[in-house]
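Step one of this worksheet: look at the structure below.
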Amino acid sequence: MNIKKYSIIFALIFVVLIFASCSQTTSKNNDVIKIGVNYELSGDVATYGQSSVEGIELAVEQINKAGGINGKQIVLIKYDNKSEPSEATTLASKLMTKDKVVAVLGPATSGAFKATIPVAIQNKIPVISGSATADDVTVDKNGVKEYAFRICFNDSYQGTAMAKFALNHLSKKKAVIIMDSSSDYSKGLAENFAKTFQEGGGTIVAREAYVKNDTDFNAILTSIKNKDFDVIFIPGYYNEAGLIIKQARGQGINVPILGADGFDSPVLLELAGANALNNVYFSNHYSSLDKSPVVVQFIKDFKAKYNKEPDAFNALGYDLAKFVANAISRAEKIDGESVKKALESTTDFKGVTGTFSIDKNHNPVKDIIVIELKNGVQHSAIKVSR
Amino acid sequence: MGKILDSRFGKKIIFLLLTFVIVQILISTNIINDYLQATLATICINIILAVSLNLITGFTGQFSLGHAGFMAIGAYVAAIMTIKIPTFTSFILGTFLGAIAAAIVGFLVGLPTLRLRGDYLAIATLGMAEIIRVIFLNLEVTNGAAGLSGIPRFVNWPWLFVFTTGIVLLINNFLKSSHGRACIAIREDEIAAEAMGINTTKYKVLAFVIGAFSAGIAGALYASYFYFIKPNLFGFLKSIDILVIVVLGGLGSISGSILAAILLALVSTYFQSFPEIRMVLYGLILIIIMIFRPQGLLGSKEISLSTFNKLGKFFVFERGRK
């Protein structure tokens with residue numbers, strides 16, 4: 001008998017260990033609407049996650065103050081996925097199966113967001129990201145992913161828009177592309193820029209590549225210096241782009257430099273210096289120069305709560321929460337399936353990052369904003385529509 | 001029958017089966033829900049990784065920082081196989097192919113580098129893991145930096161259990177064999193071991209290859225359970241994470257590695273309710289444990305069924321059939 005007894009003791013210890021981790025009880029309260037927040041609050045891309053969550057919390061605070069959704073208050077259940085996709089998957093299933101949320105916001109980056117989509121499909125609860133821009137996030141070769149949505153434009157659209165901007169607004173025909181070969185974001189943008197630019201009658205004079213964390217770009221710049229071009233496109237992040245711009249201007253290359261939302265950081269100014277940041281344009285989700293009443297009110301509210309200027313991630317987080325709340329208010333019932341249907345049928349949602357509708361691929365149809373930098377500060381914002 | 005069950009072997013079997021059946025029952029009654037199953041998967045995968053790294057670092061004394069690289073190979077081979085042909089057979093085949101590929105790379109890398117010692121080996125293995133990561137970053141079939149998404153999930157609790165116990169038993173039995181003792185002799189004193197006639201390079205490579213094979217299996221389980229992999233997941237920090245589990249549990253203790261893998265997963269799960277300070281608390285616990293138990297939770301001791309036998313006697317006050 002002994003053996004069995006000890007084995008049972010053993011097994012019990014094991015079970016207790018597992019039970020211990022699920023001891024928290026969830027309250028069954030029907031008067032609130034639970035929304036999950038699954039963001040990168042620590043790790044590599046914590047700034048994206050933290051900024052998004054600030055925006056989300058501001059929006060939810062406002063909605064609750066104004067009476068909630070059809071009289072029900074929103075409760076956010078917030079977890080940190082450590083910038084790890086596997087953690088994001090785990091937390092998505094925790095939010096859906098244990099906390100019983102009706103929708104999950106985030107994660108911010110495409111990879112982590114994609115990792116949560118199978119869980120969403122399995123539990124029939126929609127996941128919505130404010131900033132997952134990779135092309136295959138909501139749709140792939142097998143068709144649209146039923147429970148995945150986003151409210152930001154995708155990478156290929158940014159590339160296309162910047163090519164159109166170079167051709168139509170700046171009237172440039174000869175471009176050089178300097179891209180980050182270690183980033184898919186950069187490759188995607190470069191490809192789409194080149195395609196649209198060539199279709200529009202432009203030529204790509206040269207394509208140069210660097211890898212993340214490079215600091216000296218003089219070799220690349222010297223090799224292109226004597227070529228005949230009138231615009232440079234740098235689809236990369238602010239860390240390298242800042243240095244490229246500084247070194248290019250230092251070498252006397254004064255043609256316009258174009259970039260995408262990866263430029264949007266105060267670090268760009270620190271690295272490049274104000275003198276170099278002239279004649280620089282980048283596409284973005286939102287600009288604080290926008291004078292529409294929604295944006296002005298948002299900037300005012302944001303400053304009142306956090307005492308700083310909102311950035312694009314703050315704006316996207318804010319829009320994300322309002323957008324989901326809007327869908328829930330139109331849903332027939334408060335469950336994943338109904339909310340998903342309401343999200344799909346969103347038309348003309350007026351957000352801080354523009355007015356948009358959701359298309360059949362679960363992407364928003366919205367304008368892109370191109371920001372011009374003069375002496376390092378945002379000088380003007382130009383809307384480029386599809 | 002009774003005799004078999006009375007033997008140590010029998011006790012082990014009963015214990016393993018009971019663990020398996022109880023967890024399986026809890027899963028089917030949904031007490032262990034999807035979320036806790038994911039924690040369970042993390043625990044099992046970390047156990048495989050930690051035990052296999054312990055074989056290399058704790059028992060053979062070779063300081064390797066390349067475990068994430070082997071994991072990546074297993075993960076990518078299994079992921080590509082199951083995406084191309086989403087059937088269960090292809091998952092099993094992919095898992096073993098991945099593990100074998102990892103073992104082959106381990107052999108090719110181990111043969112020259114294991115002649116190095118200490119810091120040099122650490123740097124060489126670190127370099128190897130980086131090379132593997134950068135290769136996956138630039139290949140067409142691995143979809144570069146964006147990674148592979150939509151990997152079908154074939155891993156469930158029975159398979160996690162089979163692979164985890166399989167690997168632990170394999171490594172445990174290896175260590176109890178004459179080969180294993182040779183490895184431990186190399187750790188204690190390489191020159192003395194060589195003087196005793198042990199072919200040190202052979203045994204170091206053997207331990208390295210078994211470790212790589214196991215890490216490949218862990219990678220395949222990871223890919224299949226968590227739907228998504230990208231090269232950045234298998235960077236330097238992943239190797240360090242595994243090393244943390246091994247050192248925390250005790251270098252040279254299989255049960256220590258298992259205990260530490262379970263402990264860290266539970267700690268991480270507990271603190272999810274405090275998202276802002278979660279990683280701070282996690283780090284704090286590591287520091288506190290390392291201050292008070294610098295040799296790791298178990299040092300080089302093992303917990304076995306006989307330890308529990310003694311404990312059982314202490315608690316139950318029963319002499320049994322002695």
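All values reported here derive from a predicted model rather than from experimental measurement. Letters go in sequence order (proteins before strands), and every chain restarts at 1.
Per-residue heavy-atom pair counts under 4.5 Å with chain B were compared for A/S183, A/S93, A/S86, and the maximum is reached by A/S86. Between chain B and the residues A/A115, A/A134, A/P118, A/S181, the largest count of heavy-atom pairs under 4.5 Å involves A/P118. Contact tally against chain B (heavy-atom pairs below 4.5 Å) for A/P85, A/A112, A/A46, A/S83: the top residue is A/P85.
For a residue to count as touching a neighbouring chain, one of its non-hydrogen atoms must lie under 4.5 Å from one of that chain's; by this rule B/F271 does not touch chain A. With a threshold of 4.5 angstrom between heavy atoms, A/N123 approaches chain B through side-chain atoms but not through N, CA, C or O. For a residue to count as touching a neighbouring chain, one of its non-hydrogen atoms must lie under 4.5 Å from one of that chain's; by this rule B/N33 touches chain A with the side chain only. Proximity to chain B is limited to the side chain of A/S42, based on heavy atoms less than 4.5 angstrom apart.
At a threshold of 4.5 Å between non-hydrogen side-chain atoms, the residues A/Q122 and B/D34 count as touching. Proximity of B/Q272 to A/E87: side-chain heavy atoms (C-beta onward) are separated by under 4.5 Å at one or more points.
We find the OG1-NZ distance between A/T109 and B/K230 to be 5.5 Å, quoted to the nearest 0.5 Å. Here A/T90 contributes atom OG1 and B/Y225 contributes atom OH; the two are 8.0 Å apart, rounded to the nearest 0.5 Å. Rounding to the nearest 0.5 angstrom, the gap separating the OG1 atom in A/T116 from the CZ atom in B/F228 is 10.5 Å. In this structure, the separation between NZ on A/K212 and CG on B/N232 is 6.5 Å, given to the nearest 0.5 Å.
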Applying side-chain hydrogen bond (donor to acceptor under 3.5 Å, both in side chains) to A/T89 and B/Y227, what does each step give before you reach the verdict?
CA-CA 8 Å; A/T89 309; B/Y227 308 111; over 6 Å; no
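Shown here for B/R278 and A/D80, the closest heavy-atom pair between the two residues is NH1-O, 2.6 Å.
More than 12 heavy atoms of other shown residues, nucleotides or ligands fall within 6.0 angstrom of atom CG in A/N142.
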